[in-house]
Amino acid sequence: MPREKIIQLRDASPLILPSLLLCDFGDLRGELAMLEQAGVQALHLDVMDGLFVPNMTYGMPIVQGLADHTELPLDVHLMIQEPSRYVEQFALAGSDLITVHVEACSDLAATLKQIRDLGVATGVALNPDTAIDTILPYLELCDLVLCMSVNAGFGGQKFNPVAIEKSKQLVKIREQRQLEFILEVDGGINVETIGDCFSSGFTWFVAGSSIFNQQSYKQAIVDLKTVTTA
Ligand code: DX5
Ligand code: ZN
C-alpha cells in the first residue's frame with residue numbers, strides 16, 4: 001500500500017528527494033536510471049497548474065509514466081488550486097504521498113481525508129508567508145508537513161530561513177501532541193543551507209538545482225547527505 005511505503009521511509013530518514021523540475025523530460029527513463037544509481041530513496045514530483053502558482057509543469061501522465069518504470073516511492077507535491085478535484089487521479093497514477101497546499105484548499109480536512117481514504121499518505125504544504133496556525137487543527141490528518149523555503153512556483157530560488165523557525169515550532173508541537181508527521185523542506189536546499197535545516201528538525205530535504213545542475217547526481221547527493229550525517 002502506498003501509505004505504508006511512506007511510513008517505512010519515515011523511519012529511514014534523513015532523506016534527500018530530487019525534485020524532477022530541472023531534469024531532461026525528453027529522457028525520463030535515463031534520468032530515472034541515473035537517480036536510481038545515485039541511490040535516491042524517493043522522488044519529489046512538482047505539479048503546477050498556472051493558477052495557484054504562475055508556472056505550469058506536468059500532471060498525471062508523467063506521474064503514471066514514472067510509476068510504471070520505478071519502484072521508488074513518489075512524493076507528489078500538488079501546487080494546484082482546489083486539489084480535491086484531482087487527488088483521485090493522482091492516486092490512481094501511482095502517487096505514494098500527495099501533498100496539498102493549505103492556501104489552495106477550501107476544505108483542507110476533507111481533502112486530507114479523501115487522500116487517506118485512497119490509501120495514500122497525506123502531506124500539507126505551506127508557503128513562507130503562511131503561518132503555522134493555519135495547519136494546526138489538521139495535524140492529526142497529516143503524515144507529512146512541507147515547509148516551503150521559497151514561494152512555490154519555480155526552482156532555483158534563494159532559501160528563505162523562515163522555514164527553520166517553523167520547523168522548530170512544529171517539532172515541539174509534534175512532541176506535545178504525540179504525533180509522527182514527517183518534516184520536509186523544499187526550496188533553495190544546497191550544501192550551505194541543508195545543515196541548519198537538519199539541526200532545526202527537518203528530515204526530508206527536497207533538492208532541485210543543487211542536484212540537476214551538477215555533472216554527477218551521485219556526488220551531489222553524497223555532498224548533501226554528508227551534511228545531514230555530520
Ligand atoms: C518549488 C518546488 C521545488 C523546487 C526545488 O515550487 O516545489 O521542489 O523546484 O528546486 P530548488 O532546489 O532549485 O529550489
Ligand atoms: Zn516541491
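The model shown is predicted, which means the values in this text are computed figures rather than measured ones. We count ligands from 1, going down the list as the structure has it; atoms in each ligand are counted the same way.
- In this structure, atom 12 (O) of ligand 1 lies nearest to the protein heavy atom G208 N, 2.8 Å.
- Here is the list of ligand 1 atoms found below 4.0 Å of a heavy atom in G155: 9 (O), 10 (O), 13 (O).
- Nearest to atom 9 (O) of ligand 1 among the protein's heavy atoms is L21 CD2, 2.8 Å.
- Between L21 and G155, the shortest heavy-atom distance links the atoms CD2-N, 3.8 Å.
- Here the side chains of L43 and P18 are in contact, with some heavy-atom distance below 4.5 Å.
- Between R116 and D143 a salt bridge is recorded (basic side-chain N to carboxylate O distance below 4.0 Å).
- Between G156 and ligand 1, at least one N/O pair is under 3.5 Å apart.
- Around the Zn ion (ligand 2), the two atoms OD1 of D46 and OD2 of D186 are separated by an angle of 170°, to 10 degrees.
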Side chain to side chain donor-acceptor pair (under 3.5 Å), that's the test. Do N190 and T193 meet it? Break it down for me. CA-CA 5 Å; N190 55 41; T193 56; 3.3 Å; yes
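- For atom 13 (O) of ligand 1, the candidate residues are S149, P18, S209, A207; the nearest heavy-atom contact is made by S209.
- Some N or O of H77 is nearer than 3.5 Å to an N or O of ligand 1, by distance alone.
- Under a 4.0 Å criterion applied to the non-hydrogen atoms of M79, ligand 1 contributes the atoms 6 (O), 7 (O).
- Atom ND1 is the N/O/S atom of H77 found closest to the Zn ion (ligand 2).
- From T99, atom OG1 reaches atom NE2 of H44 across 7.5 Å, with rounding to the nearest 0.5 Å.
- Polar contact check, A152 against ligand 1: no nitrogen or oxygen pair lies under 3.5 Å apart.
- Distances between N or O atoms of G188 and those of ligand 1 include at least one value under 3.5 Å.
- Annotation for ligand 1: atoms under 4.0 Å from non-hydrogen atoms of V206 are 8 (O).
- The shortest N or O to N or O distance between D46 and ligand 1 is below 3.5 Å.
- For ligand 1, one of its N or O atoms has an N or O atom of G153 under 3.5 Å away.
- When atom types are taken as modelled, the side chain of D223 and the backbone of V191 share no donor-acceptor pair closer than 3.5 angstrom.
- Checked by atom type, the side-chain pair H77/D75 shows no donor-acceptor distance below 3.5 Å.
- Of all the atoms in ligand 1, the ones that sit under 4.0 Å from a non-hydrogen atom of M148 are 7 (O).
- Listed by number with element, the atoms of ligand 1 under 4.0 angstrom from any heavy atom of D186 are 2 (C), 3 (C), 4 (C), 5 (C), 7 (O), 8 (O).
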Dump the intermediate steps for side chain to side chain donor-acceptor pair (under 3.5 Å) on Q114 and S84, then the final yes or no. CA-CA 8 Å; Q114 191 188 359; S84 59; 4.5 Å; no
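- The pair K168-E165 meets the salt-bridge criterion, with a side-chain N (NZ, NE, NH1 or NH2) lying under 4.0 Å from an Asp/Glu carboxylate O.
- Y217 and Q37 share no donor-acceptor pair across their side chains, judged by distance under 3.5 Å alone.
- Using a 4.0 Å cut-off to heavy atoms of G187, the atoms of ligand 1 that qualify are 14 (O).
- Short contacts between ligand 1 and H44, defined as distances under 4.0 Å to a heavy atom of the residue, involve ligand atoms 8 (O).
- L112 and L74 fall within the same hydrophobic cluster, defined by Ile, Leu, Val, Met, Phe, Trp and Tyr side-chain heavy atoms under 4.5 Å apart, directly or through other members.
- The closest approach between F154 and ligand 1 falls below 4.0 Å for a heavy atom of the residue.
- When all heavy atoms of L72 and A42 are compared, the pair lying nearest together is CD2-N, 4.1 Å.
- Listed by number with element, the atoms of ligand 1 under 4.0 angstrom from any heavy atom of M48 are 6 (O).
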